[in-house]
Amino acid sequence: MKVAPEKLKVIAPATGEQIGEIDETPISQVDNFYQNSRFAFHQWSQLNVSERLDYLQKLKLVIVEQMDEVAKVVAKDTGKVLTEALIADVMPSIDGIDHICKHGEKVLKRRKVKTSILLMGKKSYIEYMPRGVVLVISPWNYPFQLAMVPIVSALASGNTVILKPSEVTPQVGKCMEDLFSKAGFPEGVVQVAHGGKEVGAAFTNGKPDYIFFTGSVRTGKIIQEVAAKQLIPTTLELGGKDPMIVFADAHLERAAKGAAWAAFTNSGQVCMSAERLYVEKNVYHSFLSLLKKEISALKQGTDIDADVGSMTFPAQIQIVKEQLTDALSKGAVLEAGLPPEKWEDGMFLPLTVVTNVNHDMKMIQEESFGPIIPVIPFESEDEVVALANDTVYGLNASVWTKDIDKARRIASKLVTGAVVINDAIISIANHGLPFGGAKQSGIGRYHGEAGLRIFCHEKAIVEDSGRKKSEIHWYPYKGKYPLFLTLLKSYFQKQRNWLTFINSFLSILKKS
């Protein structure tokens with residue numbers, strides 16, 4: 001008797017209404033997913049890169065045609081405002097596909113590399129061989145972009161993909177499934193598995209050839225442990241606690257506007273949100289006034305003109321509440337927002353600014369992932385670099401100053417995967433740059449050339465014409481040792497002696 005699949009209820013976080021249901025993927029079907037992917041891989045991997053990119057071009061056009069509908073699905077499923085759904089989720093995905101279509105062939109083509117003269121007469125190449133079945137596990141905060149970009153990167157590189165989107169935003173996963181179908185991708189090349197932690201764990205244990213995970217540090221460590229037992233390579237894009245550093249000579253009005261956006265875009269649910277704001281002491285109070293003014297003008301809601309949407313995942317509210325409660329109990333001052341006991345029910349949190357904080361507080365050491373920003377004064381470059389680096393994370397950072405030399409100097413000292421000067425977050429929007437973190441912010445990079453090549457094995461090829469009877473390093477060895485010794489010394493000494501090298505080489509050649 002066939003058992004009906006469990007249903008995932010889809011609740012719009014901003015309104016609390018049920019907006020749909022999704023069939024959960026039965027764990028009993030995990031093996032079938034992998035069999036379908038491996039079967040599809042044999043054909044998909046044999047297409048040349050340009051043929052695979054043709055499919056991506058079709059996908060791009062489908063998304064462009066349905067851009068408004070896709071943005072609305074993302075906005076409803078996450079609670080983010082419609083403008084952010086469009087410009088921060090849908091647009092970067094289209095731009096990512098565009099980038100891959102423009103550069104994919106060049107990045108993935110066979111590449112000639114220099115061959116040492118010690119291997120005289122040979123040529124060397126690198127070929128990029130797809131890994132096989134890639135499991136992409138994507139998060140709920142940017143459910144479209146953070147799934148689509150790794151998927152299309154893996155596909156362009158010749159892999160097939162199983163996507164396990166977040167159960168918190170299942171409508172986006174279903175939307176993506178429909179988009180690939182409308183773009184005409186062959187059966188089994190892209191499959192979407194819906195469900196929660198149990199489904200994700202089952203697919204992780206299903207022995208994919210590569211795992212690409214975006215999410216929390218805690219879950220990333222679990223996935224890495226499972227993968228290590230099977231020697232499955234991974235890319236882990238994890239959390240952040242990103243510092244924003246404002247010097248006195250910065251354009252303060254610009255920096256205040258930038259801080260409001262970097263802290264509260266997507267209601268602060270961004271791994272690259274500005275979660276620690278360091279301001280040079282002699283402009284600290286004036287900057288704080290500018291920041292509070294910017295925040296007071298922001299509009300929360302669900303209509304088309306709203307600036308800040310709701311939280312997406314109910315459990316995240318408790319994390320933000322605990323951090324704020326901890327800080328206030330230790331002497332922090334609330335500059336904007338409300339104390340937790342005055343928060344209203346629902347998924348909209350007050351936009352919160354906190355001062356008089358220190359690095360012993362949870363708010364400084366742990367990822368907040370909500371609309372809350374602590375502001376801390378500093379006096380010197382060395383001090384602020386030490387404060388910015390005082391974290392287990394290292395994903396992104398921003399430096400604000402009109403002195404570009406100083407900005408570059410500070411940027412080079414920060415232990416982080418990316419730095420933005422006089423702006424924030426937007427390094428991820430340049431698909432020519434690698435994206436990833438240091439320390440516990442993750443392992444590996446994607447975007448740029450790395451974003452395609454991580455999904456490939458690098459295959460080394462050395463080629464000889466095969467016309468010579470023998471090689472100098474083959475048997476017999478009789479009489480060769482002193483000649484090799486002279487040859488190697490003449491080559492590796494401080495100034496190479498090419499005459500001795502050539503004579504030694506010809507002498508060895510006669511004995512081969």
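Because only heavy atoms are used, hydrogens play no part in the values below, and waters and symmetry mates are left out as well, while side chains stay in.
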Do [X] and [Y] have side-chain heavy atoms sitting under 4.5 Å apart?
{"X": "P170", "Y": "D77", "result": "yes"}
{"X": "Q224", "Y": "L236", "result": "yes"}
{"X": "F435", "Y": "V149", "result": "no"}
{"X": "H194", "Y": "V199", "result": "no"}
{"X": "L108", "Y": "C456", "result": "yes"}
{"X": "L328", "Y": "P340", "result": "yes"}
{"X": "I222", "Y": "E225", "result": "no"}
{"X": "K76", "Y": "Q171", "result": "no"}

Whether the side chain of [X] engages the backbone of [Y] through a donor-acceptor N/O pair (distance < 3.5 Å, no angle test) should be reported.
{"X": "Q316", "Y": "S368", "value": "yes"}
{"X": "S441", "Y": "G239", "value": "yes"}
{"X": "K439", "Y": "T391", "value": "yes"}
{"X": "Q269", "Y": "N266", "value": "yes"}
{"X": "R445", "Y": "G437", "value": "yes"}

More than 12 non-hydrogen atoms from neighbouring residues, nucleotides or ligands closer than 6.0 Å to [atom1] on [X], yes or no?
{"X": "K112", "atom1": "NZ", "result": "no"}
{"X": "F39", "atom1": "CZ", "result": "no"}
{"X": "E463", "atom1": "CD", "result": "yes"}
{"X": "E127", "atom1": "CD", "result": "yes"}
{"X": "K207", "atom1": "NZ", "result": "no"}

Under 6.0 Å between ring centres, would you say that holds for F313 and F369? no
Describe, in one word, how the ring planes of Y55 and F185 are oriented to each other, choosing from parallel (under 30°), tilted (30 to 60°) and perpendicular (over 60°). tilted
Evaluate the criterion side-chain contact (heavy atoms from CB on, under 4.5 Å) for residue pair Q66 and K182; output intermediate values, then yes/no. CA-CA 11 Å; Q66 298 189 212; K182 288 175 182 176; 3.1 Å; yes
So, applying side chain to side chain donor-acceptor pair (under 3.5 Å) with Y128, which one of R111, R110, K109 is it? R111
Donor-acceptor pair between K60 and S93 side chains, under 3.5 angstrom: no
Can you confirm whether the side chains of Y210 and T235 place a donor and an acceptor under 3.5 Å from each other? yes
Flag the pair [X] and [Y] as a salt bridge only when some basic side-chain nitrogen lies within less than 4.0 angstrom of an acidic carboxylate oxygen.
{"X": "K58", "Y": "D54", "value": "no"}
{"X": "K7", "Y": "D23", "value": "yes"}
{"X": "K362", "Y": "E366", "value": "no"}

Say you draw a straight line from CD1 of I461 to CD1 of I126; how long is it, rounded to the nearest 0.5 Å? 9.5 Å
Just grab all the side chain to side chain donor-acceptor pair (under 3.5 Å) pairs involving residues 155-164, residues at least two apart or on different chains. K164-E167
